[in-house]
Amino acid sequence: MPELPEVENYKIYIDSTALHQRITAMDCRDQRLLKQSKSDFDSHLINQEFKATQRIGKYLFVETTGEKILVIHFGMTGRPNYYKSEDDRPQYAHIQLTFENGFHFAFENKRKFGWWDLTSSVAEFKAEHNLSDDARNLKLDDFKDSLENRKTDIKKILMDQSVAAGVGNWMADEILYQAKMHPTKKVEDLTPEDIERVFDCMKTVIEVAIENDAHYSDFPEHFLMHFRKEGATCFHTGADIKKIKVGGRTTYFSPQWQEL
DNA sequence: CGTTATGTTTCACT
DNA sequence: CAGTGAAACATAAC
């Protein structure tokens, strides 16, 4: 379920399990998850070690002792897993590395929207994929610049990875609920104060989610995440939470609370 | 059987 | 060229 806070969690998990061990094997059950040939991955990963990780939005970069950087995107259903026995290989662990100590590192991906790639430079990759700075570190001025001349719904803008890398569907809903702003409010109609409020709420949602290890049930009681389902009522107004489509994505919001 | 799912990429259209 | 919207991608679960 990876948006920025979940991927941050994965980064911490990988940092605490899979670094500094020689990779002895790589197995991939579905070539479609690899953006480069399997032999390229073999030649750049086998006999190398993971050195450090770096996250931009939902993308995780793994520096290795080799010349290439491994890029991991988790898609909608991806997560890492580290375990000792091959018998513990999860059902959807389509990619699995083996380390010299016998442990395994798996890339679980039920729905196969995630992938692995290799790159020579994080900066280059970031530019090629039109990624903004990570939403957690994003500056208000850059955020404001990105909103210039945009005419579409604020929710779509928030989910645009070239505006605020890392914000996905649930975070966009949460940010707008906290900011008391309707998801289809047009960016061109926002005042500078509106933009700052959305920006501040984005930062708050990110930090709260990371503090709670992206564990939704631990979020504060006034967070939409607890009501992001049909039949729920708004914490503030008691009115029904509404479900609509914005930019093709399911969107939950509280009508009176978030005015257009 | 139909619908839906937390994401990105591609393509057609303005 | 820039901005936008819809479709496509692959699969499981309800």
### For B:dT6, the Watson-Crick or wobble partner whose two distances fall under 3.5 Å
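Answer to the pairing question: none, since B:dT6 forms no Watson-Crick or G-U pair.
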### Message
Please name the nucleotide paired to C:dA10 by Watson-Crick or G-U wobble geometry with both distances under 3.5 Å, or report none.
### Response
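When the pairing criteria are applied, nothing turns out to pair with C:dA10, so the answer is none.
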### Message
Can you check the distance between B:dT4 and C:dA6, where both ends of the measurement are the P atom (answer in whole Å)?
### Response
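B:dT4 and C:dA6 have their P atoms separated by 16 Å.
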### C1' gap between C:dT4 and B:dT6, integer Å
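The same atom, C1', in both gives a distance of 23 Å.
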### Query
Of A:Gln161 and A:Tyr252, whose closest DNA chain B nucleotide lies nearer the 5' terminus?
A:Tyr252
### Message
Does A:Arg79 have more than 12 heavy atoms from other residues, nucleotides or ligands lying within 6.0 Å of its CZ?
### Response
no
### Query
Taking atom CD of A:Glu128 as the centre, does the number of heavy atoms from other residues, nucleotides or ligands within less than 6.0 Å exceed 12?
yes
Choosing from [options], which nucleotide comes nearest the side chain of [X]?
X        : options               : result
A:Arg249 : B:dT9, C:dT11, B:dT8  : B:dT8
A:Lys58  : B:dA5, C:dT11, B:dG7  : B:dG7
A:Asn169 : B:dA5, B:dG7, C:dT4   : B:dG7
A:Lys112 : B:dG7, C:dA10, C:dA13 : C:dA10
A:His129 : B:dT9, B:dA5, B:dT6   : B:dT9
A:Asp30  : C:dG3, B:dA5, C:dT11  : C:dT11
A:Phe113 : B:dT6, C:dT4, C:dA10  : C:dA10

### Task
Pick out which of A:His20, A:Gln48, A:Lys51 makes a side chain to side chain donor-acceptor pair (under 3.5 Å) with A:Thr65.
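Between A:Thr65 and the candidates, side chain to side chain donor-acceptor pair (under 3.5 Å) is satisfied uniquely by A:Gln48.
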### Query
Looking at the rings of A:Tyr13 and A:Tyr10, which for Trp means the six-membered one, are their centres under 6.0 Å apart?
no
### Message
Side-chain N or O of A:Arg150 versus OP1/OP2 of C:dT4: is the shortest distance under 4.0 Å?
### Response
yes
### Query
A:Thr152 side chain N/O closer than 4.0 Å to the phosphate oxygens (OP1, OP2) of C:dG5?
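A:Thr152 to C:dG5 OP1/OP2: side-chain N or O found under 4.0 Å.
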### Task
Classify the side chain of A:Arg111 and the base of C:dA12 as holding, or not holding, a donor-acceptor pair under 3.5 Å.
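Absent.
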### Query
Within the distance-only criterion (no hydrogens, no angle test), does the side chain of A:Asp160 pair as donor or acceptor with the backbone N or O of A:Ser162 below 3.5 angstrom?
yes
### Task
Would you mind reading off the distance between A:Lys245 atom NZ and B:dT3 atom P, rounded to a whole angstrom?
11 Å
